[in-house]
Amino acid sequence: MTVVRCPETIHLRKVILVLAGNFYRKRTTVNRQRSTIPDPVSLPPMAQKVRVRFAPSPTGGLHLGGVRTVLYNYLFAKKNGGDFVLRIEDTDQSRYVAGAEEYIFDCLKWAGLTPDESPLHGGAYGPYRQSERKPMYRQYAEQLVTQGHAYYAFDTPEELEKMRQDFKTEQNPSPQYDHTLRLKMRNSLSLTAEETKQLLAEGARHVIRIKMPENESLSFTDMIRGEVSFDTSLVDDKVLLKADNMPTYHLAVVVDDYLMKITHAFRGEEWLPSAPVHVLCWKYLFGLDQMPQWAHLPLILGPNGKLSKRDGAKYGFPVFAMNWTDPKTNELTEGFREKGFLPEAFINLLALLGWNDGTEKELFSREELIQAFSLERVHSAGARFDYEKAKWFNHEWIKQTDSQSLLPVVKTILEEKGLSTGSDHLLEKVIGLVKDRCTLLPDFYDQSSFFFQRPATIDTDSVKPKWNEAKQLFFAEVIRHFTLSATWDAHEMETNFKEMAAANRIKPGEVLLPFRIMLVGGKFGPHVFDIAALLGKEETIHRIKNALSLFA
RNA sequence: GGCCCGUUCGUCUAAGGGUUAGGACACCACCCUUUCACGGUGGUGAUACGAGUUCGAAUCUCGUACGGGCUACCA
C-alpha cells in the first residue's frame with residue numbers, strides 16, 4: 001500500500017471508511033507505514049457477508065474474557081448483518097474435558113448470545129468441531145512442505161527437551177526451534193532427501209513445522225492497534241501438524257477461517273505474538289487478500305495480571321459465566337449466574353470493559369449494544385476487572401427491570417431457600433417494594449423473606465432500652481384498632497397510627513421503629529405500612545402480639 | 001533474557017493539537033427519608049518521566065521507566 005498524503009485522498013478514505021461500516025480505527029491511518037498486506041480499505045467494501053467466529057477450546061469454565069470475546073463477535077456480526085459462528089477447537093485430545101462443550105453452550109444461552117452456526121445449531125460450513133475435521137488438515141501442511149515453507153521434523157519430545165537444556169543460557173533462558181537451531185535438529189532440512197524419505201516410509205512419528213523466513217519484516221493492520229510488525233527471524237518454527245495428524249491451533253485457525261469464509265477474526269491479545277505465523281500461513285496457502293481482518297482484543301486483568309480462576313477464589317468474585325465443576329477434581333468455581341447476576345447486566349458490564357460509545361451512557365440493553373457497538377471504539381489497553389462496578393451494573397439492572405420480568409428468577413431463588421411465596425400477584429408486589437435494595441439476586445431473600453415467613457429472630461436490643469409502659473399500652477390500642485378496622489390500606493393505617501400516637505402523646509418516631517421490628521425482625525425494609533398492608537390484618541396483629549411479649 | 005502490546009483520578013473511561021482534563025464505580029460530606037435503601041447536591045482524586053516538533057502537546061515523534069502478554073507436538 002501507499003501512504004496517503006494528499007487531502008483529497010484522505011477525504012476519500014474517510015468516505016470509504018464510513019461505507020465500510022467504520023471497521024477501521026481511525027488512528028490506524030496515522031501510524032501505518034509499510035505493510036505486506038493490501039490496504040484493507042482498498043478492498044471492495046462489503047464485498048462479502050460479514051462472518052465472525054468464536055473458537056473456544058472446551059477444556060473448562062468459560063471466563064469473563066471469553067464471554068467478552070463472544071460478545072464483541074456477536075455484536076459485530078449483528079451490527080453488520082453478518083453470521084456468528086461457534087467453532088470448537090478440540091485438537092488437543094489430551095486436554096479433553098467431559099461436559100465442557102455443553103457448558104459453553106449453556107453459558108451462551110444464558111447470556112443470550114446464540115450462534116448462527118455451531119455443532120449444536122448446524123450450518124453450511126460444518127463440521128464445527130475441529131476433531132471432526134481432522135482429515136482435512138494434513139493436505140494443507142503437506143502443501144506448505146511442497147512449497148518449501150514447511151518441513152518434516154522427527155525430533156522426539158526427549159530430544160526437544162535436550163535441545164532446550166543444551167542451548168539454555170542466562171542470555172537465552174528459553175531457546176526456540178528456529179532458524180539458528182533447526183539444522184542441528186532431526187528434520188527434512190538437516191537430513192538428506194533419502195533419509196527423510198526412508199523415515200517417512202517407515203512411518204516414523206513426525207510433525208510438520210513452518211519454516212520461518214530469516215530477516216523479513218512482517219506486518220499487518222490490526223483493527224484495534226493499527227500496524228503491528230515483527231521480525232520473522234525472531235519467531236520460531238511452530239508446529240503446524242502434530243504427530244497424531246491433528247493440526248495445532250496455528251494451522252487449524254487459518255484453514256478453518258478460510259474454509260468457513262471468516263471475514264473478521266477477533267481474539268485475545270495473548271495471540272498477538274503468534275500472529276506472524278498465521279499471517280504467513282495465509283500468505284502461502286490462500287493469499288493475503290483472502291485473510292480476515294484481525295482484531296486483538298485487550299486482556300481483562302485480575303488483581304495480578306491476566307485474570308485466572310484462582311483470582312476468583314482468592315478475591316471473592318466470580319470469573320466464570322456459570323458454575324463450573326471440574327470433573328476430575330470436583331472443584332467448584334462459582335459463576336456470575338449463580339452469584340446472582342442478571343444476564344442483561346452481565347453482558348452490559350462486559351461490553352463496557354474496554355468499550356464505550358463515546359457518550360456518557362453506561363446502561364445498554366442488548367439491542368442498544370448492537371446499535372452502538374463499533375470496534376474502533378474498543379480500547380487497546382488491558383482493563384482491570386472491578387467487581388464493585390460489576391455489582392453496580394447488576395443493581396442498576398435490577399432496579400430498571402419491571403417486577404413481572406424479575407418474578408420467575410426471584411421466585412426460584414426464594415423457593416430454593418425453602419420459602420413458599422404464595423401467589424404471583426403478592427410476590428410481584430413484594431419485588432416492587434424491595435428491588436431497589438437488591439444488588440445481587442440472592443439479596444431478595446434477605447430483603448423479603450419476612451413477607452413469607454415470620455422473622456426467625458427479633459432485634460429486641462434495639463427496642464428494649466427505650467421500651468416503657470406507655471408504648472406497651474399504645475400497641476395494645478393499635479391491636480384493638482386494627483382488629484376493629486374494616487379496611488386494610490397502607491395510607492389509612494399510617495394516618496390512624498399517627499393520630500393514635502399523638503393522642504397518647506407519643507412521637508411517631510418512637511413507635512415506628514418498634515413497629516417495624518415487630519413485623520420485620522430488624523431495622524431494614526420498605527415503608528412499614530406497606531409491609532403491614534401486604535402482610536394482612538391477621539398476620540400483622542399476630543406479629544405485634546408476639547413481639548409485645550418479647551419486649552415486656 | 002528475547003519479542004510483542006500497552007500507560008489519563010484507586011478502578012472503568014472521555015477529550016483525535018487550544019477544555020477550569022469530563023463522566024461512572026468506590027470513598028467522604030450534606031439533603032431527602034421517624035429503618036435500610038433509592039434519589040439529590042457537593043467533595044477528595046489523574047495525563048508515568050525526560051527530550052523533541054509546535055505559537056500551543058494528555059493528544060504527534062524519540063528515549064527511559066513501569067505494567068501486561070508470549071516464548072509447548074496447549075489453546
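Sequence lines set the chain letters: A, B, ... in the order given, protein chains first and strands last, and positions in each chain run from 1.
At the heavy-atom level, A/V228 lies under 4.0 Å from the strands shown only through sugar-phosphate atoms. At the heavy-atom level, A/R164 lies under 4.0 Å from the strands shown only through sugar-phosphate atoms. Across all strands shown, A/D155 has heavy atoms under 4.0 Å from base atoms, whether or not it also approaches the sugar-phosphate. Here A/V207 lies in heavy-atom contact (under 4.0 Å) with a base.
In this structure, A/Y315 has its ring center no closer than 6.0 Å to that of A/Y387. Ring pair A/Y72/A/W355: centre-to-centre distance not below 6.0 Å. Here A/F385 and A/F317 bring their ring centres to under 6.0 angstrom of each other. Checked against the 6.0 Å centroid criterion, the rings of A/F341 and A/F393 do not qualify as a close aromatic pair.
Taking atom CZ of residue A/R182 and atom P of nucleotide B/C73, one finds them 16 Å apart after rounding to whole Å. Per the geometry, CG belonging to A/L181 stands 14 Å off C1' belonging to B/G2, to the nearest Å. Distance, A/W271 CH2 to B/C4 C1': 15 Å, rounded to whole Å. Put simply, CG on A/L352 is 13 Å from C1' on B/A14, counting in whole angstrom units. Following rounding to the nearest Å, A/L241 (CG) and B/A75 (C1') show an atom-to-atom distance of 16 Å. Atom CD in A/Q176 sits about 16 Å away from atom C1' in B/C73, given to the nearest Å. Atom CG of A/L363 and atom P of B/U13 are 17 Å apart (whole Å). Nucleotide B/U11 holds its P atom 16 Å from the CD1 atom of A/I300, rounded to whole Å.
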Exercise. Quick one: what's the B/S/- string for nucleotides 24-30 of chain B, heavy-atom cutoff under 4.0 Å, read 5' to 3'?
Worked result: BB-----
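Phosphate contact (OP1/OP2 of B/A75, side-chain N/O of A/T91, threshold under 4.0 Å): present. The phosphate of B/C73 (OP1 or OP2) has a side-chain N or O of A/R209 nearer than 4.0 angstrom. An OP1 or OP2 oxygen of B/C73 is reached within less than 4.0 angstrom by no side-chain nitrogen or oxygen of A/R95. Contact annotation: A/K242 does not reach the phosphate of B/A72 (side-chain N/O to OP1 or OP2, under 4.0 Å). Between A/N356 and B/A14 there is a side-chain N or O to OP1 or OP2 distance below 4.0 Å. A sub-4.0 Å separation between OP1 or OP2 of B/A14 and a side-chain N or O of A/H379 is present.
Taking the nucleotide of RNA chain B with the nearest heavy atom to each of A/W355 and A/A243, the more 5' of the two is matched to A/W355. Mapping A/D244 and A/A383 onto RNA chain B by nearest heavy atom places A/A383 closer to the 5' end of the strand.
For the pair A/D90 (side chain) and A/Q130 (backbone), a donor-acceptor distance under 3.5 Å is present.
Across every strand in view, B/G50 sits in a pair with B/C62 that passes the Watson-Crick or G-U test at under 3.5 angstrom. The partner of B/U20 cannot be assigned: no Watson-Crick or G-U wobble pair with both contacts below 3.5 Å exists in any strand. With a cut-off of 3.5 Å on both pairing distances, B/C36 has no Watson-Crick or G-U wobble partner at all. With both pairing distances under 3.5 Å, B/C27 is matched to B/G43 as a Watson-Crick or G-U wobble pair. Across all strands shown, B/A57 forms no Watson-Crick or G-U wobble pair with both key distances under 3.5 Å. B/A75 makes up no base pair with any nucleotide shown, lacking Watson-Crick or G-U wobble contacts both under 3.5 Å. Using N1 to N3 plus N6-O4 or O6-N4 for Watson-Crick, or N1-O2 and O6-N3 for G-U wobble, each under 3.5 Å, B/U8 pairs with nothing. The partner of B/A15 is absent, by the rule that a Watson-Crick or G-U pair needs both atom distances under 3.5 Å.
Residues forming a salt bridge (charged side-chain N to carboxylate O under 4.0 Å, His left out) with A/K471 (at least two apart in sequence, or on another chain): A/E510. The side chain to side chain contact (heavy atoms under 4.5 Å, CB included) test applied to A/K399 returns A/H395, A/E396, A/D436, not counting sequence neighbours.
For the pair A/R209 and A/Y177, the cation-pi test (distance below 6.0 Å, angle within 45°) is passed.
Side-chain contact check for A/N187 and A/R182: no donor-acceptor pair (N or O, by modelled atom type) lies under 3.5 Å.
Side-chain proximity of A/D92 to B/C70, B/G1, B/A75: nearest is B/A75.
Nucleotide B/C38 carries a syn base; the chi torsion (O4'-C1'-N9-C4 or O4'-C1'-N1-C2) is within 90° of 0.
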Report each atom pair, protein N/O against N/O of nucleotides 32-35 of chain B, whose distance is under 3.5 angstrom.
| unit_1 | atom_1 | unit_2 | atom_2 | d |
| --- | --- | --- | --- | --- |
| B/U34 | N3 | A/G509 | N | 3.1 |
| B/U34 | O4 | A/P508 | N | 3.4 |
| B/U35 | O2' | A/K523 | O | 2.9 |
| B/U35 | N1 | A/R516 | NE | 3.3 |
| B/U35 | O2 | A/R516 | NE | 3.4 |
| B/U35 | O2 | A/R516 | NH1 | 3.2 |
| B/U35 | O2 | A/F524 | N | 3.3 |
| B/U35 | O2 | A/F524 | O | 3.3 |
| B/U35 | O2 | A/G525 | N | 3.4 |
| B/U35 | O2 | A/G525 | O | 3.4 |
| B/U35 | N3 | A/R516 | NH1 | 3.3 |
| B/U35 | N3 | A/R516 | NH2 | 2.9 |
| B/U35 | N3 | A/G525 | O | 2.6 |
| B/U35 | O4 | A/R516 | NH2 | 3.3 |
| B/U35 | O4 | A/G525 | O | 3.3 |

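Here the CG atom belonging to A/L297 is positioned 8.0 Å from the CG atom belonging to A/N73, to the nearest 0.5 angstrom.
Judged as a salt bridge (charged side-chain N to carboxylate O under 4.0 Å, His left out), the pairs with a partner in residues 379-391 of chain A (not counting sequence neighbours) are, in order, A/E362-A/K389, A/E388-A/K391.
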Pairs under 3.5 angstrom only: tabulate donor-acceptor contacts from the side chains of residues 167-175 of chain A to other protein residues two or more places apart or in another chain.
| unit_1 | atom_1 | unit_2 | atom_2 | d |
| --- | --- | --- | --- | --- |
| A/T169 | OG1 | A/Q171 | N | 3.3 |
| A/T169 | OG1 | A/N172 | N | 2.9 |

